[in-house]
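All remarks here apply to the structure that follows.
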2 protein chains.
Amino acid sequence: MKTTHVADQVLQAALELFASQGYATTSVQQIVEAAGVTKGAMYHYFQSKDDLLFAIYERMLTLQKSHLDEIVAVGGPVEDVLRAVCVDVVETSIDFLPEGTVFFRSLHMLTEPRRKEVTRRRREYHDEFSGLLERGQDEGRFRTDVPRSVLVAHFFSDVHYLSHWYSPQGPETKTEVAEQLTGLFLRSIAA
Amino acid sequence: MKTTHVADQVLQAALELFASQGYATTSVQQIVEAAGVTKGAMYHYFQSKDDLLFAIYERMLTLQKSHLDEIVAVGGPVEDVLRAVCVDVVETSIDFLPEGTVFFRSLHMLTEPRRKEVTRRRREYHDEFSGLLERGQDEGRFRTDVPRSVLVAHFFSDVHYLSHWYSPQGPETKTEVAEQLTGLFLRSIAA
DNA sequence: TCGCACAAACCGACTGGCCGGTACGGCTGC
DNA sequence: GCAGCCGTACCGGCCAGTCGGTTTGTGCGA
């Protein structure tokens with residue numbers, strides 16, 4: 001376990017650099033210098049620069065999915081479940097703000113098969129979310145005059161946009177923003 | 001009709017390539033080939049690759065601002081003005097979907113002074129939008145229990161996200177989506 | 001406890017290719 | 001014959017990835 005140290009440091013440095021400079025404009029040399037290791041060490045743990053990027057996506061996707069599953073498993077009235085999911089997604093996204101930046105900005109840099117997988121897993125996630133909306137609609141809780149896909153996009157747009165404006169140093173706390181955005185969303189989709 | 005000027009063809013090709021591949025991974029050679037001209041011709045009209053990117057931003061910013069000013073100038077009840085602004089922004093963003101993709105994905109690639117200017121003009125735009133919200137709040141039409149900055153972000157997140165999910169070939173027309181998203185937003189911010 | 005063997009971890013100079021940008025010459029319309 | 005317009009060949013620099021070699025850790029027999 002001690003040897004994952006190098007890999008972790010590299011990933012962390014890569015994440016920060018990708019988030020601040022972008023993937024394409026960050027050289028492997030910069031990453032290894034920031035991580036305090038050498039190219040040789042890095043290429044011992046990763047096959048390519050692309051691997052670094054994918055590892056970041058991997059972690060993010062796995063985390064999001066497990067959170068969603070956990071909350072849905074608890075069960076309860078659909079509105080409560082949806083509220084909990086929304087709040088959690090926003091909070092998690094704030095906890096992982098740099099990942100979010102990289103996530104949306106650099107997706108097109110991933111090599112084809114990996115990009116496809118990311119897209120697939122992301123769609124799975126959206127589908128599960130959409131399922132909640134459908135259940136709510138069936139129960140007459142949510143409006144049906146707007147396509148579900150638009151409602152889904154409407155919510156995830158907020159999540160996506162967080163990394164463009166939210167700052168932990170700003171006036172609002174993570175929890176406040178999560179409640180506020182969730183509140184806005186739930187009100188807009190109510191039947 | 002020989003005369004879609006070389007500069008225009010280059011810009012158009014650059015826009016499409018930047019939108020589909022990203023700025024950093026698109027070479028000048030690719031751009032000039034797609035535009036059917038040569039490097040020499042391109043560098044006769046543009047000083048650098050960066051110029052191409054900035055020109056795209058320039059056009060977008062100018063367009064958005066002029067639309068906003070026009071609508072605000074018409075005047076009327078604040079809710080009507082805001083509705084018109086929102087619908088227009090969404091529709092315009094759909095008309096200029098590739099620009100939107102490039103806009104948010106490649107901002108960090110612009111050289112420092114230019115990035116600052118883009119940010120400044122964008123903030124101006126947001127401030128004007130925020131001014132509308134403030135007026136509505138003063139008149140008791142919009143809620144005041146959520147910070148205005150969050151409301152602004154909430155709306156622009158939708159605009160931003162359009163390029164990630166909307167397709168002109170999809171089931172919804174531009175106008176429908178504009179009405180739907182605007183409707184969701186206005187309902188969520190009502191007093 | 002020590003010597004040894006072997007593998008995993010790590011180092012960093014090097015390379016081949018690409019890319020942004022330039023130099024310069026020729027062409028064309030006025 | 002001049003001035004903008006454009007083609008072409010080329011350059012210096014950078015960058016991902018490699019590769020031969022060195023170090024560090026570890027198990028083991030004596």
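Within every chain, numbering begins at 1; the chains are lettered A, B, ... in the order of the sequence lines, protein sequences first and strands thereafter.
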Return the residues of [range] meeting this criterion: a heavy atom under 4.0 Å from some atom of DNA chain C. Order them by number, or give none.
{"range": "residues 14-31 of chain A", "result": "none"}
{"range": "residues 102-114 of chain A", "result": "none"}
{"range": "residues 37-53 of chain B", "result": "B:K39, B:Y43, B:S48, B:K49"}

Inset, instruction - Taking only Lys NZ, Arg NE, NH1 and NH2, and the carboxylate oxygens of Asp or Glu, determine whether A:E112 and A:R115 approach each other closer than 4.0 Å. - result: yes
Inset, instruction - Show the numbers, then the answer: is there a ring-ring contact (aromatic ring centres under 6.0 Å, His included) between A:Y161 and A:H164? - result: CA-CA 5 Å; A:Y161 203 56; A:H164 280 80; 5.4 Å; yes
Distance-only check: which donor-acceptor pairs under 3.5 Å involve side-chain atoms of residues 32-40 of chain A, not counting sequence neighbours?
residue: A:T38; atom: OG1; partner: A:A41; partner atom: N; Å: 3.4

Inset, instruction - Using only heavy-atom distances, determine whether the side chains of A:Q21 and A:T26 contain a donor-acceptor pair under 3.5 Å. - result: yes
Legend entry - Rounded distance (Å) that lies between atom P of C:dA9 and atom CG of A:D8: 14 Å
Legend entry - Flag, side chain of A:Y57 to backbone of A:L107, donor-acceptor distance under 3.5 Å: yes
Inset, instruction - Decide if the gap between the ring center of A:F156 and the ring center of A:F129 is smaller than 6.0 angstrom. - result: yes
Legend entry - Listed once per pair and sorted, the salt bridge (charged side-chain N to carboxylate O under 4.0 Å, His left out) pairs that draw on residues 149-170 of chain A, sequence neighbours left out: none
Inset, instruction - Using the salt bridge (charged side-chain N to carboxylate O under 4.0 Å, His left out) rule, collect all pairs that involve residues 165-177 of chain A, keeping only residues at least two apart or in two chains. - result: A:D95-A:K174
Legend entry - Residues B:D127, B:R123; criterion salt bridge (Lys or Arg N to Asp or Glu O under 4.0 Å); working and verdict: CA-CA 6 Å; B:D127 286 348; B:R123 179 156 41 235; 5.5 Å; no
Legend entry - Candidate list A:R121, A:K65, A:R135, test salt bridge (charged side-chain N to carboxylate O under 4.0 Å, His left out), partner A:E128, passing option: A:K65
